[in-house]
J.: 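Quick one: structure below, then a few questions.
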Amino acid sequence: CQVMKSEKYEFQKYYYCACFTTDNIFLDEYKLHVRFASEQQFRQDFSPINQEVDRRKCFGRTSVERAAAIRDIYQPLHPHVYHLQESFLAPKFKHIAEYCSGPNASKEGLLELLDEVPAPKVYRFPVFERQFCEELLQELEHFEQSAAPKGRPNTMNHYGILLNELHFDQGFITPFRERYLHPITALLYPDWGGHCLDTQKAFVVKYDMNEDLDLSYHYDNAEITLNVSLGKDFTEGNLYFGDMRQVCLIVHICYCSFSCLMHYCCPLQVPLSESECTEVQHKVTEGLLHRGQHMHGALPIASGQRWNLIIWMRASQVRNQLCPMCQRKPSLLEGEGYADGFTCQSDSLVNASCSLA
Ligand SMILES: O=C(O)CCC(=O)C(=O)O
Ligand SMILES: [Fe+2]
């Protein structure tokens with residue numbers, strides 16, 4: 001039998017398919033199969049990355065252009081929703097914020113006012129009155145139907161609206177953060193920058209049966225996030241929370257340099273498949289407050305339309321030390337408005353000396 005086998009190998013040649021050297025190359029770190037026949041093919045297959053990089057490089061300028069065009073051509077349906085009023089807020093939320101701003105506020109006292117903690121350091125409380133949610137949604141739908149240009153919040157949401165471009169920051173979101181959210185986050189997250197939040201990026205995400213249904217597992221470009229459910233009627237679509245983003249060193253292939261496929265170490269999160277997640281129900285008018293680095297996602301809706309207000313709150317003191325996205329010391333690019341909330345020490349010195357002069 002041994003002899004027979006070796007004879008067979010001698011007379012019959014066996015082959016590999018050439019795809020063995022090019023196809024189904026599994027990048028373990030990304031749990032992703034890729035094809036690499038040539039640099040040109042690889043570049044072509046990954047050209048959406050090029051487009052996204054170009055979009056990001058122009059983002060500041062195009063965002064300012066869109067904001068100016070919106071101011072020129074867009075006629076709001078409900079102008080009053082752009083200016084924060086106490087009547088928009090749920091009485092319990094006002095009570096919580098008032099308590100936190102008081103001289104005797106403590107974390108323990110605050111936790112007694114909050115119902116229950118649906119996941120570690122995730123807090124849930126009513127935020128808006130239902131009538132305000134309805135009017136805000138009418139305003140946003142009116143904007144969606146208008147001819148005004150629309151920038152989308154990020155690559156994961158295709159149907160959201162950037163609220164700073166719609167001029168919500170000055171009259172609504174900034175005072176809302178400063179007066180109401182900051183006293184709460186200062187008590188709940190002093191170790192995550194909750195006591196020194198200074199800017200935000202606010203947007204609305206929208207899910208519909210014919211559009212985006214869900215949101216993949218991710219972390220936010222924020223120190224602290226508030227997520228408020230605005231409506232409308234929908235079923236399913238719960239949020240889920242997993243691990244905190246873990247920083248582990250892996251070998252990363254840098255797309256910018258094909259000639260040497262440069263390698264460097266970068267942080268990566270624990271993948272969803274290895275995380276234990278907690279599903280969290282989210283009712284209309286209620287907010288969920290969580291750390292930006294707490295990994296989370298949104299399950300698919302089964303019917304209806306789901307709209308949420310997302311406020312990514314930033315603390316320059318914290319992010320100036322370590323960028324929450326790349327986990328490296330930030331290397332600063334000049335931006336428009338709040339940009340991504342980093343500040344430069346020398347700018348403050350220039351400003352201080354200007355005001356002294
Ligand atoms: O759809 C949601 O409620 C989650 C949105 C979210 O996490 C985000 O936009 O960062
Ligand atoms: Fe998020």
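Numbers here simply count residues along the sequence, with the first being 1. In listed order, ligands and their atoms are each counted from 1.
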J.: Less than 6.0 Å separating the ring centroids of Y207 and W307?
T.: no
J.: Tell me, which protein residue and heavy-atom name are nearest atom 1 (O) of ligand 1, and how many Å apart are they?
T.: Y207 OH, 2.5 Å
J.: Pull out every atom of ligand 1 sitting under 4.0 Å from any heavy atom of W312, numbered as shown with elements.
T.: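 Counting from 1, the qualifying ligand atoms are 10 (O).
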J.: Indicate, with yes or no, if the rings of F241 and H290 have centres closer together than 6.0 Å.
T.: yes
J.: Would you please classify the geometry between the F93 ring and the F176 ring as parallel, tilted or perpendicular, with 30° and 60° separating the classes?
T.: tilted
J.: For ligand 1, which atoms sit closer than 4.0 Å to a heavy atom of H296?
T.: 7 (O)
J.: Check this for me: Q85, atom CD, are more than 12 non-hydrogen atoms of other residues, nucleotides or ligands nearer than 6.0 Å?
T.: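 More than 12 heavy atoms, drawn from other residues, nucleotides or ligands, come within 6.0 Å of this atom.
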J.: Within 45 degrees of the axis of the six-membered ring of Y189 and under 6.0 Å from its centre: does K121 put its NZ or CZ there?
T.: no
J.: Just how far is it from atom CZ of R306 to atom CG of L230, taken to the nearest 0.5 Å?
T.: 10.0 Å
J.: Taking the non-hydrogen atoms of M156, is any one of them nearer than 4.0 angstrom to ligand 1?
T.: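 The answer is no: ligand 1 sits nowhere under 4.0 Å from a heavy atom of M156.
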J.: Quick check for you: with the Fe ion (ligand 2) as the vertex, what angle do NE2 of H296 and OD1 of D220 span, to 10°?
T.: 100°
J.: Can you find an N or O of D220 that's nearer than 3.5 Å to an N or O of ligand 1?
T.: yes
J.: Could you check atom 4 (C) of ligand 1 against the protein and tell me its nearest heavy-atom contact, residue, atom and distance included?
T.: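 That would be N227 ND2, 3.5 Å.
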J.: What do we get for H282 next to ligand 1 when only non-hydrogen atoms under 4.0 Å count, side chain, backbone, both or neither?
T.: neither
J.: Can the ring centres of F42 and F36 be said to be less than 6.0 Å apart?
T.: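 Between F36 and F42, which both carry aromatic rings, the centre distance is below 6.0 Å.
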J.: Please verify the inter-ring angle class for Y74 with H142; under 30° counts as parallel, over 60° as perpendicular, anything in between as tilted.
T.: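 Geometry flag for H142 against Y74: tilted rings.
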J.: Counting non-hydrogen protein atoms only, what is the nearest one to atom 6 (C) of ligand 1? Give residue, atom name and distance.
T.: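 Protein heavy atom at minimum distance: L215 CD2, 3.3 Å.
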J.: Output the list of atoms in ligand 1 that are nearer than 4.0 Å to some heavy atom of F203, sorted by atom number.
T.: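 Every atom of ligand 1 under 4.0 Å from some heavy atom of F203: 9 (O).
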J.: Which ligand 1 atoms are under 4.0 Å away from a heavy-atom of N308?
T.: 3 (O)
